[in-house]
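Owing to the predicted nature of the structure, the values given are computational and were not obtained by experimental measurement. For reference, positions follow the sequence shown, starting with 1.
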Amino acid sequence: MHIAWLGKKSPFCGNVTYSREITNSLLDRGYRVSFFHFDPPEKSGDRPHSQPDIQEVPIPFLYKSQIYTIPSLRSSKVLVESLQKLKPDLVHASLTLSPLDFKLPEICEELGLPLVATFHPPFDNKRLSLTSGTQHLMYQVYAPCLSHYDRVIVFSFLQRDLLLRLGIPDKKIAVIPNGVDTEKYFPSSSNLKAQLRANRLFVYQGRIAPEKNVEALLRAWRNCNMGNDCKLLIVGNGLLAASLKHAYSTESNIIWMGFVADEHQRINILQGADVFVLPSLVEGLSISLLEAMACGMTCIATNAGADGEVLENGSGITLSTHRVTSQLRTLLPLCRDQPELTALLGQKARQRVLDRYTLSQNVTQLEHLYQQLLNRRNIRVGNFA
């Protein structure tokens, strides 16, 4: 089977990770994958894929960011001509929040290609009014278009319910969550705490942007007086990184690592730390959270997006998105002083990932979905023959 995948290579964000992990897994299972992305041709050697044989097709663009993309006027023509030339069996778009997303159903219908979307804008699951919040506005804008895709993949039942309320037929929605490679991300010993001279190590890993609410964690940490043998590791970069680093520069037990590109180093950090904290105001389904859980860390996260659903059944500690700092002021010392509790929570987190959020299981679900769509297309073509 030949899959035409539309996604992002850069700048780094959850969409980039999702596209990389899924397409690499499909290649490992013997599928042919053509990767369409918004990058200039001269950057096509800077690939997020481990396999050298993936075919990349750059699509021209005017602007792109971690959130949205503006394609050029030639983008539709380049896409159509490339699809006609490559003749894939199916198109899967990890939607890049661009005007091209709205043209894909018409393009694929004309070419006779089944079309799948993965739709994963973040949201706060407590703001379920369809008239509140800019994130829910994105769902409202996209809903009429998504109804014309053959299948729409979302990461949680919360997202599914929201799309149902916006009029997308139930039969078109598939809940296939993010997954993590549990053979790469697993509990193991690490000398990280010895290197940092820490007895207990807490970690935030992700973008440092307003919606990630990192300052709520920093304020709580400062107020708790956690002691010199407890360290908070901030891994990531973003819009607020410089200002927050300056504001909390006097805190000797906060370590700013910046963006860590090397996956082995990121895994080593998760394996060597005790507690992962994600104070986001909005989320989709955090891959960083799943990676930390797979490494057996105690995880504290807000119930933004699907993250609360991930931490159900005692798999972690869930916070409200309101008054995050005050909640963390209670929980941080508790996690510092109760290593037996955090060890138990880490075991339950790992098991939760094994039960529902492994990359292997979720790619298998995706394979079944692809086959259903191809079977339906073949039946339809046979009826017209």
Side-chain angles (χ1 to χ4, degrees), residues 12 180 184-209 212-238 240-280 286-301 316-317 319 324-325 327-347 349-350:
F12 183 80
V180 60
K184 286 194 300 183
Y185 290 85
F186 60 90
S188 182
S189 59
S190 168
N191 63 354
L192 181 64
K193 284 197 282 189
Q195 293 176 4
L196 300 177
R197 297 181 181 179
N199 182 47
R200 300 287 282 170
L201 186 58
F202 295 69
V203 172
Y204 168 82
Q205 185 166 282
R207 289 186 296 113
I208 304 177
K212 296 297 184 179
N213 199 28
V214 179
E215 189 168 15
L217 168 59
L218 295 170
R219 285 197 305 267
W221 186 270
R222 172 182 282 175
N223 294 339
C224 283
N225 189 22
M226 296 288 285
N228 291 329
D229 61 347
C230 285
K231 307 287 186 182
L232 172 61
L233 202 57
I234 304 294
V235 183
N237 211 337
L240 300 181
S243 61
L244 290 179
K245 185 175 181 180
H246 176 75
Y248 293 87
S249 60
T250 60
E251 303 293 325
S252 60
N253 56 354
I254 298 178
I255 301 171
W256 299 82
M257 287 199 68
F259 174 66
V260 177
D262 182 75
E263 185 178 32
H264 295 294
Q265 187 178 356
R266 294 199 307 271
I267 293 172
N268 184 65
I269 290 169
L270 297 176
Q271 290 175 334
D274 300 294
V275 180
F276 179 88
V277 185
L278 185 62
S280 300
S286 171
I287 294 178
S288 293
L289 174 62
L290 293 177
E291 291 170 347
M293 294 173 68
C295 288
M297 293 184 69
T298 291
C299 293
I300 303 172
I317 301 173
L319 310 176
V324 173
T325 296
Q327 295 171 79
L328 287 174
R329 280 201 299 261
T330 299
L331 291 168
L332 293 176
L334 178 65
C335 291
R336 174 195 62 193
D337 299 335
Q338 300 292 333
E340 296 86 359
L341 173 63
T342 56
L344 177 60
L345 287 173
Q347 293 171 13
R350 168 75 178 178

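Across all non-hydrogen atoms, the minimal contact from Ala209 to Leu240 is C-CD1, 3.9 Å. In terms of heavy atoms, Pro279 sits closest to Val324 at CB-CG1, 3.9 Å. When all heavy atoms of Gln205 and Glu291 are compared, the pair lying nearest together is NE2-OE1, 4.2 Å. The two atoms that bring Ala294 and Pro187 nearest to each other are O-CD, 3.4 Å, heavy atoms only. Counting all heavy atoms, side chain and backbone alike, Phe276 lies closest to Leu270 at CD1-CD2, 4.3 Å.
Counting heavy atoms from C-beta outward, Lys212 and Tyr204 have side chains that approach closer than 4.5 Å. Here the side chains of Arg266 and Met257 are not in contact, with every heavy-atom distance at 4.5 Å or above.
With rounding to the nearest 0.5 Å, the separation of CD1 in Ile300 from CG in Leu332 is 6.0 Å. Atoms CD1 and OG, on Ile267 and Ser190 in that order, are 11.5 Å from each other to the nearest 0.5 Å. From Leu218, atom CG reaches atom CG of Leu232 across 6.5 Å, with rounding to the nearest 0.5 Å. Thr250 OG1 to Arg222 CZ: the interatomic distance, rounded to the nearest 0.5 Å, is 5.0 Å. Here CH2 of Trp256 is found 10.0 Å from CG of Asn237. Values are rounded to the nearest 0.5 Å. Rounding to the nearest 0.5 Å gives a distance of 9.0 Å between SG of Cys299 and CG of Leu278.
Using a distance-only test at 3.5 Å, with no hydrogens or angles considered, no donor-acceptor pair links the side chain of Asn268 to the main chain of His264. With Arg200 contributing its side chain and Cys335 its backbone, the two residues share a donor-acceptor pair below 3.5 Å. Checking side-chain atoms of Asp274 against main-chain N and O of Leu201 turns up a donor-acceptor pair under 3.5 Å. The backbone N or O of Met293 lies less than 3.5 Å from no partner atom in the side chain of Arg350, so there is not a single donor-acceptor pair. Put simply, the side chain of Gln271 gets close to the backbone of Phe186: a donor and an acceptor are under 3.5 Å apart. In this structure a side-chain-to-backbone donor-acceptor pair under 3.5 Å is missing from Thr325 to Ala220.
Look at Lys184 and Glu263 and you find a salt bridge, because one of the NZ, NE, NH1 or NH2 atoms lies within 4.0 Å of a carboxylate O, short of that distance.
With 3.5 Å as the limit, one finds no donor-acceptor pair spanning the side chains of Arg336 and Thr342. A donor-acceptor contact closer than 3.5 angstrom is absent between the side chains of Ser280 and Asn213.
Atom CG of Asp262 is surrounded by more than 12 heavy atoms from other residues, nucleotides or ligands within 6.0 Å. Other residues, nucleotides and ligands contribute more than 12 heavy atoms inside 6.0 Å of the CG atom of Asn191. Enclosure of atom NZ in Lys193 by more than 12 non-hydrogen atoms of other residues, nucleotides or ligands within 6.0 angstrom is indicated.
Trp221 has its ring centre less than 6.0 Å from the ring centre of Phe202.
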Passes side chain to side chain contact (heavy atoms under 4.5 Å, CB included), Leu328 versus Leu319? Steps please.
CA-CA 8 Å; Leu328 287 174; Leu319 310 176; 3.8 Å; yes

